[in-house]
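Reviewing the structure listed below.
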Amino acid sequence: MISAYTSFQRIDRLPDALGKEVTLNGWVYDTTGKGKLHFIKLRDGSGIVQCVVFKPNVSEEVFDTARSLTQESSVQITGTVRAEERAPGGVEIDVTNITIWQLTSNYPITPKEHGDAFLMENRHLWLRSTRQHAIMRIRATVVKAIRDFFDANGFTLIDSPILTPAACEGTSTLFETEYFDLGKAYLSQSGQLYAEASAMAHGRVYTFGPTFRAEKSKTRRHLTEFWMVEPEMAFFTLEDTMDLAEDLVEYIVQSVVRHRYQELSTLGRDIAKLEKIQRPFHRLSYSEAVEWLNKNNIKLNKKQPDGTEIQIDFPWGEDFGAPQEEALMQQFDKPCIVHRYPAEVKAFYMKRDPHSPKLALAMDMLAPEGGGEIIGGSQREDDFDALKARILEHHLPLEAFEWYLDLRRYGSVPHSGFGLGLERTVKWISGAEHIRETIPYPRMIYRIQP
RNA sequence: UCCGGAAUAGCUCAGCUGGUUAGAGCAUCUGACUGUUAAUCAGAGGGUCGCAGGUUCAAGCCCUGCUUCCGGAGCCA
């Protein structure tokens with residue numbers, strides 16, 4: 001227990017110290033006075049407690065100190081813990097002494113409303129607010145749930161490299177850097193290929209780390225640097241993988257509901273909706289989804305050569321965009337897996353459906369309540385000739401993929417995996433409007449500070 | 001890259017049809033108050049109207065260019 005080694009008390013443990021005198025260290029979250037009575041809301045990272053300074057009970061000096069405190073000043077406060085119904089949290093501190101670490105002046109973030117740009121410029125300070133504090137705790141719990149889930153189910157954590165020699169999927173734009181005398185290196189956009197190799201050593205593996213996409217995306221669900229967990233399983237079919245994805249997401253959501261109820265309440269999240277996230281989820285094949293879109297008259301905006309837009313029925317073979325996914329999810333209050341997409345619109349490494357070669361054994365999981373796509377995965381092509389042909393078709397450099405083809409030369413087996421976007425998952429669970437709130441220091445096209 | 005929007009006090013915004021000295025709330029400072037929760041009340045300070053140019057007797061407002069930011073599309077987690 002860390003508290004045994006410290007000379008001060010943590011705010012979240014105050015209920016255990018009723019009636020005792022304690023010393024707290026923290027920052028002034030808010031302060032307000034009423035003549036001979038002064039209130040200080042103190043936060044220390046573990047919680048917030050209201051400290052009451054009553055003039056007749058303290059020295060003149062201590063009362064003046066209390067009145068001089070400003071937002072985000074750092075202080076040490078000593079006082080008695082008292083149960084108090086009127087106080088949020090149920091306990092309050094009757095202050096006997098205050099020592100100032102530093103008196104802050106002109107803290108930029110006031111208790112009033114602020115704009116996004118201003119808050120983002122002050123992200124390093126914004127993290128102190130209750131809302132951001134709650135989201136970061138939820139994020140930490142999601143990460144722990146992911147690790148616990150895989151560790152408990154026979155997976156080995158095998159980290160994949162961040163500096164890579166070439167594109168994994170050959171599609172999106174990569175961040176580029178010089179790598180000594182070996183030419184260009186790129187920041188990884190996916191650990192999948194390495195996970196596949198690792199799965200041939202360990203059976204079930206997952207990689208979990210930062211991922212980079214240099215796409216000039218400007219939406220509230222994109223970051224240029226984000227965290228992704230990618231499990232990869234030998235001998236798993238697409239069906240096995242969809243089951244696993246459902247298990248994982250159910251486990252994550254229920255862990256957050258169980259361990260972060262307080263934080264979800266702080267955010268005003270409708271927790272009943274999260275409690276309903278239980279298996280089985282919904283499943284639709286791509287073809288069923290297209291049929292549904294057309295039956296419900298969800299049109300596709302298509303740009304004409306002359307620049308004008310027309311609305312057409314959704315054609316089989318086109319990939320879904322955000323508008324289609326959103327329309328599709330309106331009917332569901334649980335996640336939905338869409339599977340078996342046209343192979344044309346999917347990555348080269350995905351295995352074709354043996355029953356219908358136009359289809360790839362791919363799947364995406366869409367979250368309800370506008371959560372969008374949180375998972376993308378597939379069964380991988382395990383046949384040497386088919387994979388090699390696919391690499392050539394996509395005009396990818398064969399030499400760079402020789403090691404990857406080795407996996408199909410030496411003991412190739414059916415295998416599958418998927419990637420789950422950490423920030424998108426946190427965004428959905430926390431109900432955040434924008435993905436930038438779900439990572440401590442977001443990296444976006446026009447933002448690399450702080 | 002494409003489409004759309006925004007920029008006025010430390011922050012959030014208002015500013016009419018172009019017309020006298022630039023407006024509010026919050027924050028800050030001074031004072032009053034024994035239960036505040038974004039306290040209330042009285043008072044004070046605080047402005048290169050994003051930048052550059054143009055039109056006009058007159059520009060925060062109109063025009064052109066630039067900068068910065070925001071949302072969306074595409075790409076995807």
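- A close approach under 4.0 Å does not occur between any side-chain nitrogen or oxygen of A/K34 and OP1 or OP2 of B/C33.
- Distances were taken from every side-chain heavy atom of A/H434 (C-beta onward) to each of B/G71, B/C69, B/A27; the shortest belongs to B/G71.
- Relative to the side chain of A/T32, the nucleotides B/U36, B/G35, B/C11 differ in distance, and B/U36 lies closest.
- A 3.5 Å limit on both hydrogen-bonding distances identifies no Watson-Crick or G-U partner for B/A59.
- Taking only side-chain atoms of A/P56, from C-beta outward, the nucleotide of B/U28, B/U34, B/G74 with the closest atom is B/U34.
- In a base pair of the Watson-Crick type (N1 to N3 plus N6-O4 or O6-N4) or a G-U wobble (N1-O2 and O6-N3), with each distance short of 3.5 Å, B/G18 is matched with no nucleotide.
- At a threshold of 4.0 angstrom between heavy atoms, the contacts of A/F226 include nucleobase atoms, whether or not backbone atoms are also involved.
- Taking the charged nitrogens against the carboxylate oxygens, A/R340 and A/E239 do have a contact shorter than 4.0 Å, which makes a salt bridge.
- If you take atom C1' in B/C29 and the same atom in B/G46, they sit 11 Å apart, rounded to whole Å.
- Note on A/D364: nothing from the nucleic acid sits closer than 4.0 angstrom, heavy atoms only.
- The environment of CD in A/Q278 is crowded: more than 12 heavy-atom neighbours from other residues, nucleotides or ligands sit within 6.0 Å.
- Separation of the P atoms belonging to B/A59 and B/C66 is 24 Å when rounded to the nearest angstrom.
- The shortest distance between the side-chain N/O atoms of A/H38 and the OP1/OP2 oxygens of B/U34 is not below 4.0 Å.
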Test log, rule side-chain contact (heavy atoms from CB on, under 4.5 Å), inputs A/L223 and A/I439: CA-CA 9 Å; A/L223 294 165; A/I439 186 166; 3.8 Å; yes
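- Distance CZ (A/F320) to C1' (B/C75): 17 Å, rounded to an integer number of Å.
- Side-chain contact of A/S378 with A/Y349: a donor-acceptor pair under 3.5 Å is absent, judged by distance alone.
- Looking at which nucleotide of RNA chain B each of A/I445 and A/V345 is closest to, the 5′-most match is held by A/I445.
- In this entry B/G4 has B/C70 as its Watson-Crick or G-U wobble partner, both defining distances falling under 3.5 Å.
- With both ends at atom C1', the span from B/C11 to B/A27 equals 7 Å, rounded to whole Å.
- Out of B/U36, B/C69, B/A73, the shortest distance to the side chain of A/Q50 is found at B/U36.
- If you take atom P in B/A58 and the same atom in B/G43, they sit 40 Å apart, rounded to whole Å.
- Under the 4.0 Å criterion applied to side-chain N and carboxylate O atoms, A/K351 and A/D382 are assigned as salt-bridge partners.
- In this entry the distance linking NZ of A/K55 with C1' of B/G35 reads 17 Å, nearest Å.
- Here B/G72 presents its P atom at 12 Å from CE of A/M444, a figure rounded to the nearest Å.
- A salt bridge is absent between A/R147 and A/D151: the closest approach of a Lys/Arg side-chain nitrogen to an acidic carboxylate oxygen does not fall below 4.0 angstrom.
- At whole-Å resolution of the value, OH in A/Y29 and C1' in B/U36 are 16 Å apart.
- Using a 4.0 Å heavy-atom distance criterion, A/L420 is classed as making no nucleic acid contact.
- The same atom, P, is picked in B/U21 and in B/U64; the two are 28 Å apart, to the nearest Å.
- Looking at heavy-atom distances under 4.0 Å, A/K218 makes contact with a base.
- Taking the P atoms as reference points, B/A38 lies 24 Å from B/U30, given to the whole Å.
- The neighbour count for A/R279 CZ, taken as heavy atoms of other residues, nucleotides or ligands under 6.0 Å away, is above 12.
- Judged by atom type and distance alone, A/S217 reaches the base of B/C75 through a side-chain donor-acceptor pair under 3.5 Å.
- The shortest distance between the side-chain N/O atoms of A/R67 and the OP1/OP2 oxygens of B/C33 is not below 4.0 Å.
- Among the atoms of the strands shown, base atoms are found under 4.0 Å from some heavy atom of A/G33.
- One cannot find a donor-acceptor pair under 3.5 Å joining the base of B/C11 and the side-chain atoms of A/H114.
- Comparing B/U37 with B/C51, their P atoms are spaced 40 Å from each other, to the whole Å.
- Heavy atoms from other residues, nucleotides or ligands lying under 6.0 Å from CH2 of A/W316 number more than 12.
- Residue A/L223 is classed as a base contact, given a heavy-atom separation below 4.0 Å to a base.
- Atom CD of A/E373 and atom P of B/A77 are 6 Å apart (whole Å).
- Residue A/V52 has its side chain nearest to B/G35 when only B/C76, B/G35, B/A27 are considered.
- For B/U1, one of the phosphate oxygens OP1 or OP2 lies less than 4.0 angstrom from a side-chain nitrogen or oxygen of A/K216.
- In this structure, A/Q189 places its CD atom 10 Å from P of B/C76, rounding to the nearest Å.
- Under 3.5 Å, the side chain of A/E92 and the base of B/G35 form at least one donor-acceptor pair of N or O atoms.
- Here B/U37 sits opposite no nucleotide as a Watson-Crick or G-U wobble pair (both hydrogen-bonding atom distances under 3.5 Å).
- For A/R220 and B/G72, the shortest distance from a side-chain N or O to OP1 or OP2 is below 4.0 Å.
- Side-chain N/O atoms of A/E326 and A/Q330 include no donor and acceptor closer than 3.5 Å.
- Base pairing of B/U64: its partner is B/A52, meeting the Watson-Crick or G-U wobble criterion (both donor-acceptor distances under 3.5 Å).
- Side-chain proximity of A/I435 to the nucleotides B/A77, B/G35, B/A73 is greatest for B/A77.
- Spacing of P atoms, B/C3 relative to B/G50, comes out at 25 Å, to the nearest Å.
- Nearest to the side chain of A/R447, among B/U28, B/C70, B/C33, sits B/C70.
- Rounded to whole Å, atom P of B/G71 lies 13 Å from atom NE2 of A/H222.
- Nearest-nucleotide mapping onto RNA chain B: of A/M228 and A/F39, the residue sitting toward the 5' end is A/F39.
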